[in-house]
Amino acid sequence: MMRSAAGEEEHRPPPSPITDAKDEERSPALWNHLSLPSISVLDKLIKTCPVWLQLCMNQERAGELLRKEPAGVFLVRRDGKGLVLSVHFSTHNEVPDIRTYKIKEEKSILYLEGSVLVFEDIFKLIAFYCVSRDVLPFTLRLPRAISEAHNYTDLEIVSNLGTGFWDSSLNHRGGWETGQHAESSVVSNGGMSRDVNQCSCEIELSIGNDRLWFVNPIFIEECSNPRPPDELPTESCKESSKESLHTPVYRRPPPPPPSSPPPQLLKSPKERCGPPVTVCTKKATFLQEKRRELKVSSSQEQRDLANEELPPSSEPTPKKFDLPSIPPRRRFSEKCSEESPAMVSKLEKREKAEEELGKKKHHVSFNCPGVVFAEEATATKEKVNYMERQDKAKDLPELQQKPTEKLKPPPVPPPRKKRLSLQIPSSTSNHSRQTMKGPSQNSMPTLSPVKSDSQSSCQMTSSGTAEEAGSGLKSISSPGLKGSDGSLNGSTGGAVPQTPVSEQDSYSTSSTEDDLEHLSSPSFKKTPSIMLGRAKHRLSLVTLSNVFTAFLSADKKMQKKLTELAQDKTSYFGNLVQDYRAYSLEMMAKQSSSTEMLQEIRLMMTQLKCYLIQSAELKSIIDPSVHSEDKIEAIVEAALCKCVLKPLKQAIESYLLEIHSKDGALRLLKENQQVIQATTTTDLGVTTSVPDGGVMEKIIHKFTLMHRAYSPEKKVTCLLKSCKLIYESMSTGNPGKPYGADDFLPVLMYVLAHCDLTELLVDVEYMMELMDPSLQLGEGSYYLTTTYGALEHIKNYDRITVTRQLSVEVQDSIHRWERRRTLNRARVSRSSVQDFITISLEEPESMSRTLATRPDTSTELLCQQCAEKFEIRAPGRYGLFVLVDEKCLRLAADAFPHQIKSCLLKSEQKKDFHFLYKDMNNAETAALPLIKEPRFL
Amino acid sequence: MTNRGTSRPNGVGQTKICQFKLVLLGDMAVGKSSLVLRFVKGQFDEFQETTIGAAFLAQSVCLDDTTVKFEIWDTAGQERYHSLAPMYYRGAQAAIVVFDITKPETFDRAKAWVKELQRQASPNIVIALAGNKADLAEKRMVEYEEAQAYAEDTGLLFMETSAKTAMNVNDLFLAIAKKMPKTDTQNPAHAARNRGLTLHGTDQQPRRGCCGK
């Protein structure tokens, strides 16, 4: 639930007096964030569970593996009937010692024996102990190959090795920062790995008074004791904490997404999850000032934390915090206003302390008021003081009334992903039966209770449902690879295009009018708008007569219908679109060439278009008397842009950035941009006037609009408008004189050198490769080519002056561009429309892959593909199954999965079906009926 | 694909429309844009498309029952931008290489362009050589015969033109338009369609047998 609340916040970061100042610093880093996404500990754990979750491994083998690993490295096994955590523990290079901790399961929760912290699933448990030691001698440690992985591909490689990872070369043991870890953690007892930043676990703390505390590190951070500690009733806390050891641990209702949520959702917790470290640090500093007796432990911790936190870490994680989405701030400010002025000054102090630590940190604030926050409960400490506020107790009973104890299977094993959406409903149930208990008797959690009024609990619930509904959105709208990967894996739920929040609907802004409105922002005065009026007139002529036909209402209606069809997962086309998207996300992750990547996507769109144009589904929508063939194509293209490109846009952009930061293009552009900015206009070959400040602003604004648009055509329109502005400024002082390329190109170079070249590069490629190949002739094509040329020229600025030649690669790429535009079409007509089948390994909600198939692809062939994709070592044992409304059938080797899929999709009664790739050699599957023809379904 | 649609509902009557990409090459200030502007402005407005600037112009000419639409791509003549030229002539079905008859160095440059085009552009590209500024006969530095002989040797169309007086401007484009289908019937670029326009190769004779076969 907290997850949900915060998740919702992500989409509308409320303003906060405290965080707003930081937002400014953040924005520039966004790009970096996009290009260097990082992965949360939880995500990493989920992705790599085949490595550390070894349910079948015996103790000896585990010991043998772990002994070779540094301290803190762990495995989870099954011992007897329960899970155990085996950790390598060694003190200062003494004899390796493997310790085993029992993981207790009770109803839907898990906890380490001896600990009062409970978790929804094994992943969260482990993630927590990677961050905080609680009852362990130190925090758990991920193998370096995992902790340092920056992308899912790396994790997948690791994951695919399974147990083999431990003995593989990937598991570099030489590179451990063992010493540091072992020492710092043992000595400080608080050792937090720096991955702590990414921890996204929610923690439940229980104390004796029948309450369960549900804690999220983010709140831990934010809610660091806002009251002077001396006010806090420490006594009672101590008592209750003792009691709790003997009291049964109370479980809150089946917690939110247990098991293994698909990454798209995992991402959000991480993103908004401020490093608990910070909190603690802040807190520690704060307390230090306030409370003598705490000094020793706090300052010690502070130091450790500061050490851990400070930059040397090469992890890109801090960037996460540059996302504006993290801090759910509203509550905080509320709180501030409610509290006494002393409170405010305290906040300021905290801030100061934070600055002293040299960290740019985030203030995250209360967001989930129904919950009492425990601070530091997780992370610490020998010295314990509990502080509990009376009002908390007051609030609890009411919350406790909520129905709880929904039975839920133990969230533990199948190390496979589960559909998060399935689990979300439970997350909306209350988790407000708060109990709090220090992680160990002598830790020092400070509570900062939060008022929980009915309004706030309502909010929680509603946000929970919102998340459920929005789970699809998130994966799409979330920036960066993470989101993409998410929607990819969650191929069923994650990919519904709905309305990505961050994307503007380019069709809603596609008219010239709208654009003009944008333009008439304060900085533009009357005169330009008159001029623009003319421009608009002329441009609309261009657009109408050229490719950018404005859609009339009938067309709009049809486009809307098509978009709906594409989003309708029960329709064949909708299904296809969804699979195409999933497929292209998978494909993109593997591409190292920007053009190839974009071409794949374009090809895919063209295929979808071909399919739709020939399909019966379209025929039911269109009225041939109203729409000409060309019109239909245009409308289909526009609809496809909306349902395919729009959701993919951000992923595409971040992959492009990744590719270009790797190939050095971005660096070259940046360097030469400065060179060109320092070059005189004469040296650039400019013979006319260049745009002045005001016009430059307008041009930059156009480019911004261009960057935001997802439709290549719309982007081109923006580009043309920019060029138009350039022409206009060229003729100032010489009106009416037409300028050709001799004059235009140098001015364009000059203008581009004053714009965001990174965005431009991405946009130009996006347009060039994703534009409908049949529409690429014309003015748009000319200016696109010219802009591309100018960018290449800037990129190779120095070299060109010397050699007067573009690099061979660039020439080559230009060479092929023309051909590609036509080849694309040829390829489509040759190959019949490709289709996709999403196949899960073993269980419907587990790891799934989207595979390309053709109508004539046999089960046998598809099985081969599956074996490859899932890296199955004994493919002979596996077979393809289809699960239709709970009934599982095995596909005969010569059956055509594609036919079966079509049949299922077309069946009148909508059926819920999943294709599974399963082990056949067990009693359960061996008995399943074999089918060949779809009619036997 | 190339054979699609003999007439479109939104085409011009029963006329076939063929669209070609024509690239302008030549040294700076030889009058490339002036030449094209003269051509474009001299035509009926009916066939003229408004464009945002003179670097890209579109103009149709009528040949019997065929409308030939030229998309004219201008290039920057500065030496420093030479390297970008391939982006422009790639895929072009026609090129006009312009030089200034009063400046012999521009003729040399034109020869270099022709060479490059013949080496690197589409094999069937129609190349026309234009000796511009023919109105400045008194300053002539490149003899008509010299250019004419060169054009014959290399298989180019050749005309001396004057953007100022409009001499030979339309004729040059018409000559190119006439030459297009003969030399270029199979260009795959014809498969590309503009919205409302169908591109297909045409033969000299109208109507039948023209569809790129």
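Sequence lines set the chain letters: A, B, ... in the order given, protein chains first and strands last, and positions in each chain run from 1. This is a predicted model, so every value here is computed, not measured.
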Do other residues, nucleotides or ligands put more than 12 heavy atoms under 6.0 Å from the NZ atom of B/K111? yes

Check the angle between the aromatic planes of B/Y88 and B/W73 and answer parallel, tilted or perpendicular using the 30° and 60° thresholds. perpendicular

Of all of A/D743, A/I726, A/L684, which one pairs up most often with chain B through heavy atoms under 4.5 Å apart? A/L684

Aromatic centroids of B/F56 and A/F744 separated by under 6.0 Å: no

If you tally heavy-atom pairs under 4.5 Å against chain B, which of A/P746, A/G685, A/A790 wins? A/P746

Which answer fits A/T786, side chain, backbone, both or neither, if we ask what part of it has an atom under 4.5 Å from a heavy atom of chain B? both

Output the option from B/V36, B/L37, B/L24 having the highest count of non-hydrogen pairs under 4.5 Å with chain A. B/L37

Is A/K737 atom NZ crowded by more than 12 heavy atoms from other residues, nucleotides or ligands, each under 6.0 Å away? yes

Who passes side chain to side chain contact (heavy atoms under 4.5 Å, CB included) against A/T732, sequence neighbours left out? A/S689, A/S729

Non-hydrogen atoms of chain B under 4.5 Å away: do they reach the side chain of A/M730, the backbone, both or neither? neither

